[in-house]
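All heavy atoms count here, side chains included; hydrogens, waters and symmetry mates do not. Letters A, B, ... are given to chains in the order of the sequence lines, protein chains preceding strands, and every chain is numbered from 1.
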Number of protein chains: 2
Amino acid sequence: MAADRDRSWSPPTISEVAAEAGVGRASAARTLGGYGYASPELRDRVLAAAEKLGYRTNALARSMSTGISHTLGVIVADIGNPFFAGVVRGISDTSRARGFDTIVLSTHEELDEEKAAIGVLVDKRVDGIIIASAALGRDAVDHITGTVDRGVPVVLLDRAIEHLNLASVVTDNREAARRAAELFIQNGHRRIGFIWGPATTEPVTTRRELSAATSNNLWSDGERLRGYLDALDDAGISFDPALVMTEEKTEENATHSVARMLDLPAPITAILCSETDATTGALRAVRASGLRYPDDVSIIGFDDSSWAAVMDPPLTMIEQPMLELGNRAAEILLDEIDGGNQTQLMHTLESRFIERSSVTGPPPLRSRNP
Amino acid sequence: MAADRDRSWSPPTISEVAAEAGVGRASAARTLGGYGYASPELRDRVLAAAEKLGYRTNALARSMSTGISHTLGVIVADIGNPFFAGVVRGISDTSRARGFDTIVLSTHEELDEEKAAIGVLVDKRVDGIIIASAALGRDAVDHITGTVDRGVPVVLLDRAIEHLNLASVVTDNREAARRAAELFIQNGHRRIGFIWGPATTEPVTTRRELSAATSNNLWSDGERLRGYLDALDDAGISFDPALVMTEEKTEENATHSVARMLDLPAPITAILCSETDATTGALRAVRASGLRYPDDVSIIGFDDSSWAAVMDPPLTMIEQPMLELGNRAAEILLDEIDGGNQTQLMHTLESRFIERSSVTGPPPLRSRNP
DNA sequence: CTGTTAGCGCTTTCAA
DNA sequence: TTGAAAGCGCTAACAG
């Protein structure tokens with residue numbers, strides 16, 4: 001039916017529709033744009049003409065004159081990461097329901113890419129930005145404050161930036177980690193490994209040094225570590241730097257670190273993993289050491305997955321409310337765009353503790369080389 | 001520094017920069033837009049003024065006059081699905097490298113949402129669209145052809161639409177499934193379950209009926225099934241409808257179906273799973289039946305995951321080149337936008353067969369209730 | 001090399 | 001109730 005479309009075809013404009021319908025542009029624009037008045041008969045003529053010509057509104061032109069683009073910008077480290085993918089799905093669903101589309105940019109956890117990404121979004125005149133910033137403790141965040149200053153609303157996602165005074169939507173990282181560590185402790189564990197802590201090349205032998213390293217860490221990771229330390233403190237267990245991984249955060253390093261911790265004179269009997277890669281890395285080390293969980297080591301990991309449930313034995317995990325995180329972030333941003341005043345700044349969603357079978361008491365007596 | 005920004009502040013335009021620099025708009029536009037000539041001195045003045053005013057180009061306005069938006073539209077069933085998330089990451093990376101951003105829409109596998117999504121993208125004047133269509137065999141695809149007719153290039157992703165004559169980027173589903181089934185057969189299996197086949201409420205008792213149902217299936221799923229049947233045919237194993245799941249595709253149904261197949265008078269001894277949820281569902285059934293893999297049943301699944309490698313025993317899987325799928329789709333689309341003529345229509349990427357330890361020979365003798 | 005001018009397609013006063 | 005005209009910020013053709 002549209003087979004006869006010319007090669008130099010260009011989409012019909014409101015003027016063409018108006019001409020076809022024999023009315024003025026403005027009238028056509030009013031009925032097509034859904035604003036202002038138009039008599040039923042005129043309306044019908046316009047609609048018919050539009051239909052006939054295959055008219056589609058040009059959102060760009062509309063944005064130009066209205067100044068609003070009905071588009072949200074989303075910046076995450078990696079859209080390929082299941083966690084962020086889930087969050088983006090949440091953002092996407094609720095913004096779509098409110099008439100907004102999203103353009104999402106991945107920064108690969110690089111601050112420079114993040115700055116560029118913000119630039120792109122600002123240039124494209126998005127109506128607001130949701131960002132899981134790659135900024136570490138000491139990093140400057142002018143690119144974010146600058147954006148807010150330009151009048152573009154920003155909400156922080158998953159990673160808060162403490163002094164920034166911006167709405168943030170996060171999960172209860174600290175509480176969740178603490179709860180996991182407490183479960184270990186209740187089960188009698190005192191040597192609990194934490195994968196992973198802040199990546200640093202500096203030696204970390206004191207708690208003060210750990211603190212210092214953490215302050216230059218991703219906020220969410222730092223919170224998780226703090227929760228772990230909280231539990232230790234409450235139980236009067238002294239902090240042992242050998243039990244916190246400080247290598248770069250990769251699955252492979254997790255494996256190495258756990259192997260080392262398992263091989264200590266006083267080996268770990270439990271492992272708290274702060275991410276999927278940390279968990280799978282730890283699992284590899286346990287297996288390679290010829291040990292089994294939970295009998296030899298108990299395990300809890302962040303970020304549940306359908307796989308964790310079919311492991312043998314199934315893993316006790318901490319599930320993050322990814323969709324809800326996205327939903328909330330979008331809602332808050334959209335409300336702000338609609339002119340609503342933000343009352344609450346920090347929105348903390350509860351993660352779900354899923355107890356399965358990877359936690360039990362420490363082995364009665366285990367020495368390095370029996 | 002920008003603390004004194006007025007509440008009714010509006011971003012500086014090229015005219016303002018020109019005024020500040022004391023030059024004509026066009027000259028300012030030329031240096032800021034990076035086209036045309038400008039003397040070094042004039043250039044410097046403009047740049048300085050732009051810097052001072054905090055000028056950022058308005059991409060909307062630019063798109064209005066150039067007619068190109070430097071934006072790609074991406075339509076997938078669910079951005080929260082790790083497979084699509086990986087693909088989108090690939091698209092995003094390569095298009096970003098070529099100066100394009102992507103707006104991605106999830107359809108939840110609903111054709112109506114897909115149509116709406118295309119409408120949105122067309123309205124936003126994206127320069128091209130990459131789509132993993134939810135269209136099943138018999139569904140009309142006017143929304144896609146219509147888009148092409150409007151002059152918007154489209155490339156099909158992961159799911160080809162046979163008669164459509166559009167560039168498609170897919171994986172070698174059929175070959176991969178066939179290879180998996182062949183491995184089972186080489187190991188001596190003859191009762192191989194397939195999770196999952198086409199969802200249908202019609203009874204499927206003959207191969208013809210299966211075919212019919214498949215023709216109303218998602219293309220990629222159909223290909224996988226065909227590969228399975230290819231292997232059976234080659235080995236002279238007759239098709240048994242009881243070994244192909246035709247329930248709605250959910251993890252739970254996979255569990256039920258596998259449980260049933262395991263409970264048959266002549267039970268299955270191997271399972272081919274066409275998706276992650278199918279695999280985890282199957283695993284649950286195996287466990288619930290008190291059986292173990294690979295001794296009692298062999299298993300191969302599509303879509304590798306770091307979890308599959310840490311299962312005990314580790315799972316033999318078929319890995320899809322998600323990133324590459326995205327990269328290629330973007331490259332092809334971008335080339336087409338740049339005016340390149342598409343020579344090849346079907347681009348088939350190889351999936352990677354990762355042999356681990358979930359396949360062995362069938363159990364010597366296994367009866368339903370020993 | 002630089003400045004003037006005319007659109008891009010829409011919304012939005014403002015008259016009629 | 002409808003139409004004419006101005007303008008959103010930019011690019012592009014054309015003079016100077």
Review point. Does the side chain of A/I131 reach to within under 4.5 Å of the side chain of A/I118, using non-hydrogen atoms?
Key: yes

Exercise for review: Indicate yes or no for a side-chain donor-acceptor contact from A/D127 to the backbone of A/S69 under 3.5 Å, with no hydrogens or angles considered.
Suggested key: yes

Check your understanding: Could you run down nucleotides 7-16 of chain C 5' to 3' and tag each one B, S or - for protein heavy-atom contact under 4.0 Å?
Key -> BBBBBB----

Check your understanding: Is any side-chain heavy atom of B/L166 less than 4.5 Å from a side-chain heavy atom of B/I161?
Key -> no

**Study point:** Boundaries of the chain A footprint along DNA chain D (any atom under 4.0 Å from a heavy atom)
**Key:** D/dT1 to D/dG9

Point to revise | Side chains of A/T57 and A/R62, donor plus acceptor under 3.5 Å | key: yes

Practice item. Working to the nearest 0.5 Å, report the span between NE2 of B/H70 and CG of B/L72. Key: 11.0 Å

Practice item. State, with a plain yes or no, whether a side-chain heavy atom of A/Y55 is found less than 4.5 Å away from one of A/E16. Key: no

**Study point:** Student check: side-chain heavy atoms of A/L164 and A/I144 closer than 4.5 Å
**Key:** yes

